[in-house]
Colleague: 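Submitted below is the structure of interest, expressed as C-alpha cells.
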Amino acid sequence: MYHQPVLKNRRTLLERAEKFISDIYFTDCNLRGRLFGDIHPLESISVLLSEKRILYSEAIQLNFQPCKVGDTFGPTWWTCWFKVVLKIPEAWRGKEVHLRWESDGEGMVWRDQQPVQGLTKEGEKTSYVLTDLHVLISIFSITLYVELACNGLFGAGKGSMIAAPDPNRKFTLQKAELVVFNRDVRELLTDFEMLVDIVKILEGEQRGFQALFTANEMVNLCDPANPSSFAAARSLAQKFFAQKNGESQHVVHAMGHCHIDSAWLWPYEETIRKCARSWVTVIKLMENNPEFVFTCSQKESPSPKTNVYVQAQQFQWVKSWYPNLFSEIKQFVQKGQFIPVGGTWVEMDGNLPSGESMVRQFLHGQNFFKDEFAHYCKEFWLPDTFGYSAQLPQIMKGCGISRFLTQKISWNLVNTFPHNTFFWEGVDGTHVLTHFPPGNSYEMKGKVEDLINTVKNNKDKGRANHSGFLFGFGDGGGGPTQLMLDRLQRVRDTDCLPKVQMSSPDVLFSQLESDSSLLCTWVGELFLELHNGTYTTQAKIKLGNRQCEALLHDVEVASCLALCKTDSFKYPACKLQELWRLLLLNQFHDVIPGSCIEMVVEDALKYYDEIRTTGSRLLLAACDSLGSTPGKGAGSSMAVLNTLPWERTEVISLPADDPQTRLGWVPFVIQVDGTIMMENGLLKATIDQTGRLMSLLLLQTNRETIFEGCLGNQFTLFDDVPLYWDAWDVMDYHLQTRKPVIEVIEPAKVVRSGTHQGSVSFSLRISGKSTIRQEIVLDACCPYVKFNTQVDWEESHKFLKVEFPVQVRSPNATYEIQFGHLQRPTHRNTSWDWARFEVWGHKWADLSEHGFGVALLNDSKYGYSIHENIMTLSLLRAPKAPDVNADMGHHNFTYALMPHTGCAFSVNSPAVILETVKQAESRENALLIRLYESHGSSVTTTLSTSLPLHKAWHCDLLERPDSIIPVSKTTSGISLTFKPFQIRSLLLIIK
C-alpha cells in the first residue's frame, strides 16, 4: 500500500506554497493564473485629451477620437476622458464580470453620470465590477466613461518619487478589456497568502510550522484547474484560522484609513479628484461589506464598519465638485461607518502656524463638522506632520478635543520615542490622551507582518493592551481595498496573532481611557528628529504666511473698532472667512514647510497675494470708517491705529550731563580707519568693512554683546546634501562644512546719519552666482539693531545662515512658540540634545543669563540653532526636490539683534498679551477677545475697554460660552486670572 511521504524541509515546502500563488512563476499551472477566466474585447474605446481638468458634463459634449490599448497620452497634468462601450457576452450570464483597466495614470469610472470607482494601478485598484453573483443585471450593453489624470498616485517625479515632476511624461493605457473574475480563486489565494506570511513571520515557532504544513497540504488538495477541489483546501485554512487566542492577547483596533495630502507631489486641484476617486471606492466597499462584524472574547465590535478619516477642507471640495457623492458620504456618516476625524480645516503643520492660526484651524474645522455632520470631532488626527508644538494640548482641549493620534515621531532619526500610549502635557500643564499606533504607519495593508509589528513595537506592554491599526493606501489617496478587509477577516481571532477588531477612534480611545491608570506622561513638545530643513525651505511661503497672519489680525481689530464706532459699518465676516481659509489651506503640512512641487508653491504664493490684496482693501475700508481717509491730501483727517498686542512702557533715564542726552538721542554714524561706529543713545555698534559687528554695547550698563575676539552678523554657507528627503532634511553632518562668507563686493559705507535713523550698507559675494546686500539700521530710541537684507540666491544644495557669538552663558535658550515660549538646551550632553541641532521658533529666540541677555528677532524666519553662546538664524536653503527651483531668485527679509537687561522679559512689561479681537462666529453683536499669559507666570490683570459693553462670558476656543467660569467685573473692567501660558477667550456683547 502506498503511503504519502511526510516532508519536513521548511525551505522546499515554503517555496512550493509561494510559487503556487506567484504572479511571476508557473502562472500557466498555479492558482494565481486562474484568478481571471475568459477575456472579451471592448466594443469600442475613444478618447478626449484636455490640458485642463474638465467636468463630466462638459467632457461628454466634446469630440472623442478612436484609440487603442498601448496608446500613450499626456503630457503630465493633462486629463484624458475615455468613452468605453462594452457588451457582456450572453454566455457570461451569472458570472462576476469586471472591466480590467490598467494605466500608469489615476483613473475614475463614471456610470450614469456619477463617479462610481477609482482605478489606480499603484493603489491595487485595476478592475471595476460590472456584474457579480449577488446582483442580477439584465442590461449587458453598457457605456462608461473613464476620467484619467496624467499623473500617478505620487505625481510624476522624474527618476524618483520626490524628484521634480517630468513635464513631458506620457502615460500608457496598458489594459482595457472585459474579464471573468473567479471569486473562489481570490478567496483561496487570500488564505494561502496569510498562511505563507505566518510561516515567514513566525519562523521557528510552533504556530509557524503549523501554518507551513497546513499550506502544503492545501497545495496537495487543490487542483487549480478543478474548482471543486477548492472547498477542501479552504476547509483546512478555516480550521487553522479558527484556532483562537487566549484572553490576554493584544487587541488591534483596525480602522480603514485614507490619508490624502491636500497638496504635495501634485497640485491642489488634483487633490479634489483624488478625494473623489478614493471616497467613491470606499463607499462601494461599505455597501459590499455589511457582514463585517468582528468579535473578540469579550464583546462584539459596536457596529459593522469601515472607517475613513478626512480633513474638513477636503469635504468642502467634494461638496462643491461632487455634490451627489457628498450626499452619499453623509448617509454613511449617519450610519457610523464613514467617520470624520481630525477637527481642523486641514492637517496643518504642527510647528510653524501661529497660535491664532492653530485656533482658527480648529474653529473652522470643528464648525464645518458640526454644521455638516451634527457633531464635533473628539479626536485630533494628525498622522503625518513634522513635529508638534507644546501648546497644542491646550489648544486641543479648548476646542473640545482631549484625544490625539499621530505616528510621525516614529520617524525619529536618532532617538526612539519611549511611548505609544501616554498622556501628553502641554506647556501650560494641560493633558491629552495620546496614541501612536505601534505599527508605525497610517497605511498598513492588513498583512500578518503589520499585525505582528503592532504587538512587537508596543512600548507600553502591560500598561496598554489595545492599539490602533490604520490600513489603506495613503498620502496620494486610495484607501482600503477589499483584499485588505479579507485579510483581516481571516485572522480576526487566530492563535499567536493579536485579536483584530473592526473599530472606530471612539472605541479605541474609550478603551485606552478605561485602562489609563498606569500610563506615563510626556511633558513638552513632540520634536521630530527629522525634516528640520522644513523650517527654512521655500522662504517666500514662510514670508507670505507671517505677513498674512499679521494682516488678518489687523483687519479684524480695525473692523471690530469700526463696527463699534460706526453704525453703517458691516463687519466683513464672509470675506474674512474666505481669506482665513486660504491661509489655513497653505498651512497644510507639505505647503508651509516647503516640501511640495513648484506648481503648489505657485498656487500658495497666488493665494497669499489674494489675501494681501483683499485684506489690505478691507483694512482701508475699516480705517476709513474710523475717520482716516488715506491719500486724500492736505486737510484730510488721519487716524493712527496701533494693532500691536502690547504697549512699550520701558523708560530709560539718563543724567542731564550724559553725552547721550546732549546728542538728543539722534542716531549718528561716523567712519574712522575702515570701521564704522553707530550710536542712538541706547546702543553703540562698531562695524567692520564686511558688515560684521565688532562690538555692540548696551549703553545703559556699558555691557558688551559680542563675544571677545569674535564677529557678529557673520554670514556662513554650508553644504546641504541630505540622505534622501531633499526639501525636508538638513543633516547633522552639514555643520562640518561651514564656510564664512567674507568676499566683499562693496565695503561698508555710511548711508544715513542723523535725523531719525542711521544706517550702513555693504554687499558680499556668496559665490559666482549669489550675492548679499544688506543695510544695517539703527533707529532713534530703538533697543535693537536691524539688518535689512537682500539676497540673490542661485545655489544648489547650500544652506545660508547668519551667526552672532554673544557674551552670554546659559544652559538653555528660549524660543517663541504659539501663545508662549519654551526652552531648549544649548549643550549636547545627550543624544536628545544633539538631535536638536536645528530647531524651530517663531518671531524671536533669546539667550539670557542673570541680569543680561540677547534676543534675535526676525520678520519671516523659523529655523534657529543656538549652541553654547553662538546664536544662529537659518536664512535660505537650495534643495532640488521636489521643486528644482526651490528658493531660487531674489529675497528680502529683516532680522534684528536686541541686547537687554534682566532675563528675556522685563518686569515692567505686562505679562498678558491681547492677541485677537474679532467678531464672534455666531453673533453679529458680539466680539471675541483672546488673551494669553506670555511669561510663564501666574498673574491677575484687568481688561478695560471704552466700547459699549453690555455682557461678557468666558468661552472656549470654539466660542462656546462657559457658564461654569463666572466673569468678574470691577469698576475698572473685567478681572482675569491666568496660569502660566494660559489662553483665555471672552465673548463681549457690545450692542
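Excluded from the calculations below are hydrogen atoms, water molecules and symmetry mates; all remaining heavy atoms, backbone and side chain alike, are included. Please read all numbers here as calculations on a predicted model, not as lab measurements.
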Colleague: So Ser934 and His821, do their side chains get closer than 4.5 Å, heavy atoms only?
Modeller: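 With C-beta onward as the side chain, the pair stays apart.
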Colleague: Could you tell me if the side chain of Tyr724 sits less than 4.5 Å from the side chain of Asp729, heavy atoms only?
Modeller: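 Of all side-chain heavy-atom pairs linking Tyr724 with Asp729, none is under 4.5 Å.
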Colleague: Under 4.0 Å between a side-chain nitrogen and a carboxylate oxygen: does that hold for Arg930 and Glu556?
Modeller: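 No, this pair does not count.
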Colleague: Check Glu549 with Lys843, please: is the shortest side-chain N to carboxylate O separation under 4.0 Å?
Modeller: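 Answer for the salt bridge query: no.
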Colleague: Using the ring centroid of each side chain, check whether His842 and Tyr862 are separated by less than 6.0 Å.
Modeller: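 Centroid separation for His842 and Tyr862: below 6.0 Å.
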Colleague: With the side chain counted from C-beta on, respond yes when Ile766 and Trp793 share a heavy-atom pair under 4.5 Å apart, and no when they do not.
Modeller: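 The answer is yes, as the side chains (C-beta and beyond) meet within the 4.5 Å cut-off.
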Colleague: Taking side chain to side chain contact (heavy atoms under 4.5 Å, CB included) as the test, write out the residues that go with His890, two or more places apart.
Modeller: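 By the side chain to side chain contact (heavy atoms under 4.5 Å, CB included) rule, His890 matches Gln790, Asp792, Asn892.
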Colleague: Can Lys861 be said to sit on top of Tyr895's aromatic six-ring, NZ or CZ under 6.0 Å from centre and within 45° of the ring axis?
Modeller: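 Output no; distance or angle outside limits.
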Colleague: Could you tell me which residues satisfy side chain to side chain contact (heavy atoms under 4.5 Å, CB included) with Leu822, sequence neighbours excluded, listed by chain and number?
Modeller: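 Per chain and number, Leu822 pairs via side chain to side chain contact (heavy atoms under 4.5 Å, CB included) with Ala390, Glu525, Ile817, Arg824.
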Colleague: Determine, step by step, whether Lys786 and Asp779 satisfy the salt bridge (charged side-chain N to carboxylate O under 4.0 Å, His left out) criterion, reporting the C-alpha distance in whole Å, the side-chain angles of both residues, the deciding distance to 0.1 Å, and the verdict.
Modeller: CA-CA 8 Å; Lys786 194 164 51 174; Asp779 291 317; 3.4 Å; yes
Colleague: List the steps and the verdict of salt bridge (charged side-chain N to carboxylate O under 4.0 Å, His left out) for Glu849 and Arg703.
Modeller: CA-CA 13 Å; Glu849 61 188 36; Arg703 176 67 185 260; 2.9 Å; yes
Colleague: Can you confirm whether or not the ring centre of Phe787 sits under 6.0 Å from the ring centre of Phe715?
Modeller: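 Aromatic pair excluded; centres sit 6.0 Å or further apart.
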Colleague: Can you tell me how far apart CD1 (Ile772) and NE2 (His891) are? Round to the nearest 0.5 Å.
Modeller: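 Answer rounded to 0.5 Å: 12.0 Å.
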